[in-house]
Each structure stands twice: as structure tokens, then as C-alpha cells.
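Here the structure comes first, spelled out in C-alpha cells, and everything after it is commentary.
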Amino acid sequence: MLTIGAWKAQHVAAWAGRRPFVWLDDEHNIASQLAKRRKAGEVGEHLVVQVSPKSGLRDRHLVKAAKWFAQCAAPVSRSDEEKIDG
């Protein structure tokens, strides 16, 4: 059975498709769930950033995500832009 966080992550991953994405969460099983989907070819590159439930989201989490995205530098197709813009 999936936790609420893993359930949310799998739906976001499905929406993202093969595009890279970052997931920030305080649940610890999300990384393994997304790794299984990546191995099956269901999702693209991703980064799971663990956030402490006690201290919450911090600047360091966003910096880590931004650095990872900068390294990806994946081109976005026209159809992907339309999905993002609505």
C-alpha cells in the first residue's frame, strides 16, 4: 500500500512523464517508489529531496533542486511547454 506522499508523487511523476522533476517531501519511501518507476521507464530523471518534518522546507532544499535542474538542462519540447502553460 502506498503512503499519501508516495501516492501524490506517482501522479506528479506520471504527469511529468519523461521530463525531469524534483520531489520535495518528508516521507522516506518516496525515493524507492520513484526509483521503481524510473527503472520501468515510466518516469524521467528525478531528484527526491528529503525535508525534515520538524524543520520544514529550507533554502538549502531549493538550492539543491535548482543545482540539479541546472545540471539536467533537458530541452523542453513544444508539447511539453503547452502542458506546463496550461
Side-chain angles (χ1 to χ4, degrees):
M1 182 170 177
L2 293 176
T3 63
I4 295 294
W7 180 83
K8 291 184 291 185
Q10 78 175 2
H11 288 284
V12 169
W15 180 83
R18 303 294 302 156
R19 292 173 288 168
F21 68 96
V22 174
W23 187 261
L24 300 104
D25 211 309
D26 62 352
E27 288 192 23
H28 296 285
N29 69 334
I30 291 173
S32 63
Q33 293 293 326
L34 291 175
K36 288 177 191 175
R37 294 189 67 149
R38 170 85 170 137
K39 194 172 189 176
E42 297 172 2
V43 299
E45 290 184 69
H46 60 277
L47 172 68
V48 176
V49 178
Q50 290 295 147
V51 176
S52 168
K54 291 181 181 179
S55 60
L57 187 63
R58 301 285 190 206
D59 286 343
R60 69 179 180 270
H61 300 116
L62 301 176
V63 167
K64 185 175 184 176
K67 285 181 180 179
W68 184 82
F69 271 124
Q71 290 175 352
C72 286
V76 176
S77 72
R78 189 76 187 132
S79 63
D80 287 342
E81 286 177 357
E82 291 168 1
K83 287 180 188 175
I84 292 167
D85 293 336

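Hydrogens, waters and symmetry mates are skipped; everything else that's a heavy atom, side chains included, is used.
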For the [atom1] atom of [X] and the [atom2] atom of [Y], what is their distance to the nearest 0.5 Å?
X: Q10; Y: K36; atom1: CD; atom2: NZ; answer: 11.5 Å
X: L57; Y: L24; atom1: CG; atom2: CG; answer: 6.0 Å
X: F21; Y: W68; atom1: CZ; atom2: CH2; answer: 7.5 Å
X: D25; Y: Q50; atom1: CG; atom2: CD; answer: 7.5 Å
X: K64; Y: L47; atom1: NZ; atom2: CG; answer: 6.0 Å

Give a yes or no answer on whether the side chain of [X] reaches the backbone of [Y] with a donor-acceptor pair at less than 3.5 Å.
X: H11; Y: K8; value: no
X: R18; Y: V43; value: yes
X: E45; Y: C72; value: no

Report yes if some heavy atom in the side chain of V22 is under 4.5 Å from a heavy atom in the side chain of F69; otherwise report no. yes
Identify, with sequence neighbours excluded, every residue that meets side-chain contact (heavy atoms from CB on, under 4.5 Å) alongside A31. V48
With R37 via salt bridge (Lys or Arg N to Asp or Glu O under 4.0 Å) - residues at least two apart: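 Per chain and number, R37 pairs via salt bridge (Lys or Arg N to Asp or Glu O under 4.0 Å) with E42.
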Distance-minimising heavy-atom pair for V49 and H61: CG1-CD2, 3.6 Å
